[in-house]
Amino acid sequence: MLDIQTLRNDLDAVVTQLKSRQFDFDTATFSALEAERKAVQTRTQALQAKRNSSSKQIGIAKAKGEDASAIMQEVAGLGEQLKADEIRLSEIQAALQNLLLHLPNIPHPSVPVGVSEQENIEVRQVGVPRSFDFDIKDHTDVGVPLGLDFDTGTQLSGARFTLMRGQVAKLHRALAQFMLDTQEKHGYEECYTPYMVNADALIGTGQLPKFEADLFSLQHNDSQLYLIPTSEVTLTNTVRDAIVAVDDLPIKLTAHTPCFRSEAGSYGRDTKGMIRQHQFDKVEMVQIVHPETSYAALDEMVGHAEHILKALELPYRVMSLCTGDMGFGAAKTYDLEVWLPAQNTYREISSISNCEAFQARRLKARFKNAEGKTEFVHTLNGSGLAVGRTLVAVLENYQNADGSVTIPAVLQAYMGGRTSITR
RNA sequence: GGAGAGAUGGCUGAGUGGUCGAAAGCGCCACCCUGGAAAGGUGGUAUAGGGGCAACUCUAUCGAGGGUUCGAAUCCCUCUCUCUCCGCCA
């Protein structure tokens with residue numbers, strides 16, 4: 001959520017900045033609502049002040065045993081006008097709030113301007129893709145004989161669900177364990193979080209109200225819950241409605257959870273294999289930081305995610321996303337893209353964003369600054385990494401001519417000392 | 001699932017219709033005292049929003065929402081959450 005003061009004081013600048021990310025801000029509606037809000041709010045508060053002072057006088061008069069009927073006559077009829085104004089005011093404020101909740105974040109000045117992923121900028125490439133002296137297979141052809149069971153996944157749940165068996169399932173677990181252990185060493189507190197959350201949590205991190213179609217939801221009794229699309233939701237919402245002590249910052253949290261996404265609107269994309277699933281595991285990193293340090297924290301988190309790829313010796317590149325390709329709540333985002341030899345390209349495996357105060361305003365997540373004033377924290381989140389896609393990358397990059405897959409050295413301890421998986 | 005109790009500021013906790021945004025204590029901050037500290041003393045110490053250049057001022061908030069009333073932390077209704085006991089259960 002953007003700061004409404006900024007919108008009031010410098011609307012044109014906001015419009016321009018949002019345009020850079022292909023967002024067209026309906027300023028007429030906003031300005032009309034604001035004008036009416038101001039008029040109605042001023043009037044309402046004047047009436048409330050009148051009512052309060054009169055009521056106080058009635059109380060004083062009655063305490064003294066005097067007759068209060070004159071004052072009571074004065075406020076008679078005030079109630080109806082006040083009621084009407086209060087109702088209208090709350091309608092206006094709800095409409096304004098709803099409008100604000102649909103506005104994306106303003107990009108940081110350092111973000112490249114562009115309309116699509118074509119304009120993302122490569123920051124660096126790390127590692128050299130391996131050369132193969134045999135015909136390489138994609139991860140499905142490598143993985144199916146080893147335990148990737150797409151057919152049974154489909155039988156159980158439909159398209160975009162996968163069952164894993166045996167050594168592949170174990171490799172998947174090893175990856176998640178390794179990532180979680182590593183991020184814990186980077187200073188993140190390990191968390192186990194709910195996989196279902198209420199609407200308030202999703203409003204806090206920005207998935208609702210705008211992106212409900214991307215979520216899986218469930219009815220339980222009279223309440224509605226949603227499956228988390230990422231543990232960014234649960235980890236970041238730990239500070240919802242909180243005023244944290246400045247000494248407690250930064251708060252660094254990590255969790256390994258499944259993520260559930262409906263993938264509405266991606267029909268036909270990545271239909272084969274494990275790249276795009278309705279359910280996938282991810283190790284998430286979240287930082288709650290002082291505003292002055294959020295960009296340093298962003299760089300640090302990119303390093304934490306890169307650490308996993310380096311340890312796994314997977315070639316990757318770091319991309320700075322352009323204005324048109326960034327997510328709703330991000331002020332600046334770096335993507336990590338891992339090399340997939342069968343696709344002969346880099347594919348996203350991690351996304352790390354600084355949301356600045358965008359989520360904090362929705363969450364009411366604040367801290368007391370040095371002057372003792374409350375101020376919004378900055379929030380960051382990033383994958384460290386997406387486990388399923390990392391499995392894909394390992395299967396493809398570590399495949400051997402005989403159909404076996406070498407286990408990356410750092411994972412061997414998690415695999416009971418095995419060095420490869422075979423049929 | 002059944003029965004009961006509760007939800008007040010950073011914390012503990014008083015407050016059953018009227019000068020209550022809320023006693024008191026703890027904590028925290030500043031100052032005094034001290035060589036320095038402790039103890040003691042004095043004062044300050046919620047959040048959000050509106051108006052104003054500002055000093056300031058107004059409004060809202062006692063779990064949430066509705067109602068009664070000139071006036072609600074207090075009375076009524078609905079909901080949520082927490083705790084205790086019983087049952088069931090991974």
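These numbers come from a predicted model, not from an experiment. Proteins get letters first, then strands, A, B, ... in listed order; numbering begins at 1 in each.
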Task: Interatomic distance, Gln5(A) CD vs G52(B) P [rounded to whole Å] - done: 12 Å

Open item on the list: For the P atoms, the ones on G1(B) and on C79(B), what distance do you get once it is rounded to whole angstrom?
Closed with: 14 Å

- [ ] Take the protein atom CD of Gln48(A) and the nucleotide atom C1' of A48(B), then report the distance between them rounded to whole Å.
- [x] 14 Å

Open item on the list: Considering every strand and a 4.0 Å limit on heavy-atom distances, what is the contact class for Thr44(A): base, sugar-phosphate, or nothing?
Closed with: nothing

- [ ] Report the base-pairing partner of C53(B) (Watson-Crick or G-U wobble, both distances below 3.5 angstrom), or none.
- [x] none

Task: Phosphate-side-chain proximity, Lys56(A) and G17(B), N/O vs OP1/OP2 below 4.0 Å - done: no

- [ ] With the side chain of Asn52(A) defined as its heavy atoms from C-beta on, choose the nearest nucleotide among C70(B), U59(B), U19(B).
- [x] U59(B)

Open item on the list: Quick check for you: among A60(B), U59(B), U19(B), whose closest atom lies nearest to any side-chain atom of Ile60(A)?
Closed with: U19(B)

Open item on the list: Suppose you measure atom P in A14(B) against the same atom in A7(B); what distance do you get, rounded to whole Å?
Closed with: 9 Å

TODO: Check whether any side-chain nitrogen or oxygen of Ser53(A) sits under 4.0 Å from OP1 or OP2 of G71(B), and answer yes or no.
DONE: no

- [ ] For U34(B) versus G41(B), give the span between their C1' atoms, rounded off to a whole number of Å.
- [x] 13 Å

Open item on the list: Using whole Å, what does the distance between atom P of nucleotide C70(B) and atom CD1 of Ile58(A) come to?
Closed with: 9 Å

Task: Per Ala49(A) side chain, nearest of listed nucleotides C58(B), C70(B), A48(B) - done: C58(B)

Open item on the list: With a cut-off of less than 4.0 Å, is there a side-chain N or O of Arg43(A) near OP1 or OP2 of C58(B)?
Closed with: no

Task: Pairwise 5' ranking along RNA chain B for Met72(A) and Lys38(A), keeping only the more 5' one - done: Lys38(A)

- [ ] Could you give the distance separating G87(B) and C77(B) at their C1' atoms, to the nearest angstrom?
- [x] 31 Å

Task: Flag if over 12 foreign heavy atoms under 6.0 Å of NZ, Lys19(A) - done: no

- [ ] Tell which nucleotide pairs with G65(B), taking only Watson-Crick or G-U wobble pairs whose two distances are both under 3.5 angstrom.
- [x] C77(B)

Task: Exceeds 12 heavy-atom contacts within 6.0 angstrom, atom CD of Gln81(A) - done: yes

Task: Pair partner, A48(B) [Watson-Crick or wobble, under 3.5 Å] - done: U59(B)

TODO: Tell me, yes or no, whether the heavy-atom count around Met415(A) atom CE, taken from other residues, nucleotides or ligands under 6.0 Å, exceeds 12.
DONE: yes

- [ ] Hunt down the Watson-Crick or G-U wobble partner of G35(B), both distances under 3.5 Å, from any strand shown, or write none.
- [x] none

TODO: Once you apply the 3.5 Å cut-off to both distances, tell me the Watson-Crick or G-U wobble partner of U82(B), or none.
DONE: A5(B)

TODO: May I ask you to check whether over 12 heavy atoms, not counting those of Glu313(A), lie within 6.0 Å of atom CD?
DONE: no

Open item on the list: Using 30° and 60° as the class boundaries, would you call the ring planes of Phe211(A) and Phe328(A) parallel, tilted or perpendicular?
Closed with: perpendicular

TODO: Establish, with yes or no, whether the OP1 or OP2 oxygen of A48(B) is under 4.0 angstrom from a side-chain nitrogen or oxygen of Arg366(A).
DONE: yes

- [ ] Please report, rounded to the nearest Å, how far the C1' atom of U80(B) is from the CG atom of Asp241(A).
- [x] 15 Å

Open item on the list: Is it the case that over 12 heavy atoms from other parts of the model lie below 6.0 angstrom from the CD atom of Glu80(A)?
Closed with: no

- [ ] Measure from the side-chain heavy atoms of Lys83(A) and tell me the nearest of G18(B), G49(B), G67(B).
- [x] G67(B)

Task: Euclidean distance, atom NZ of residue Lys364(A) to atom C1' of G49(B) [Å, nearest integer] - done: 12 Å

- [ ] Could you state the atom-to-atom distance from CD1 of Ile4(A) to P of G51(B) in whole Å?
- [x] 10 Å

Task: Touch class at under 4.0 angstrom, heavy-atom based, for Ala63(A) against every strand present - done: nothing

TODO: Search all heavy atoms of Gly114(A) against all heavy atoms of Gln22(A) and return the closest pair with its distance.
DONE: O-OE1, 4.1 Å

Task: Separation of the P atoms in C88(B) and U12(B), to the nearest angstrom - done: 35 Å

Task: Any-strand Watson-Crick or G-U partner of U42(B), both distances under 3.5 Å - done: A30(B)

Task: Along RNA chain B (nearest heavy atom to each residue), the more 5'-positioned of Arg51(A) and Gln93(A) - done: Gln93(A)

TODO: Rounded to whole angstrom, note down the P distance from G67(B) over to U8(B).
DONE: 25 Å

Open item on the list: Would you measure the distance from the P atom in U61(B) across to the matching atom in A73(B) and give it in whole Å?
Closed with: 7 Å

Task: Protein-nucleotide distance (Ile243(A), atom CD1; C11(B), atom C1'), rounded to Å - done: 15 Å

TODO: Report the base-pairing partner of C88(B) (Watson-Crick or G-U wobble, both distances below 3.5 angstrom), or none.
DONE: none

Open item on the list: In whole Å, measure the gap between the C1' atoms of G17(B) and G71(B) for me.
Closed with: 8 Å

TODO: Could you check which nucleotide pairs with C70(B) in any of the strands shown, counting Watson-Crick or G-U wobble with both distances under 3.5 Å?
DONE: G18(B)

- [ ] Indicate the ring-plane relationship of His290(A) and Phe367(A), choosing parallel, tilted or perpendicular according to the 30° and 60° boundaries.
- [x] tilted

- [ ] Could you tell me the separation between the NZ atom of Lys62(A) and the P atom of C70(B), rounded to a whole number of Å?
- [x] 9 Å

